[in-house]
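Everything on this sheet refers to the single structure shown next.
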Amino acid sequence: MTLTVNCPTCQAPVSWNETFPQRPFCSERCRLIDLGAWAAEEHVIPGGENEEQDLFSDDLPEQ
Ligand SMILES: [Zn+2]
């Protein structure tokens, strides 16, 4: 017996078996979209925290 569900993200039919390891999503991409991971990635500023620390260390040694 095969249970078929619809991907919550794109509504594609997903068979509830080993064919779709990311079930109920049709793919990892749809799973990440649903989790909002795409939004988290958008907000990541590469090296943002380190940059802030560098500014502080640049100011202090000059005095
Ligand atoms: Zn999907």
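Values reported hereafter were calculated over all heavy atoms of this structure, with side chains retained and with hydrogens, waters and symmetry mates removed. Position 1 is the first residue of the sequence, and the numbers go up from there. Indexing begins at 1, ligand by ligand and atom by atom, following the structure's order.
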Atom OG1 of T9 and atom CD1 of I33: how far apart are they, to the nearest 0.5 Å? 6.0 Å

Determine the minimum heavy-atom distance between E28 and Q22, stating which atoms define it. N-CG, 3.4 Å

Sort by chain and number the protein N/O/S atoms that are closer than 2.8 Å to the Zn ion (ligand 1), and list them. C7 SG, C10 SG, C26 SG, C30 SG

Which is it for F25 and V14 under the side chain to side chain contact (heavy atoms under 4.5 Å, CB included) test, yes or no, and what are the steps along the way? CA-CA 7 Å; F25 303 96; V14 175; over 6 Å; no

When you compare the side chain of R31 with that of R23, does any pair of heavy atoms fall below 4.5 Å? no

Contacts of S15 meeting side chain to side chain contact (heavy atoms under 4.5 Å, CB included) (sequence neighbours excluded), chain-then-number -> T2, T4, N17, F20

Heavy-atom distance under 4.5 Å between the side chains of C7 and P24, does that happen here? no

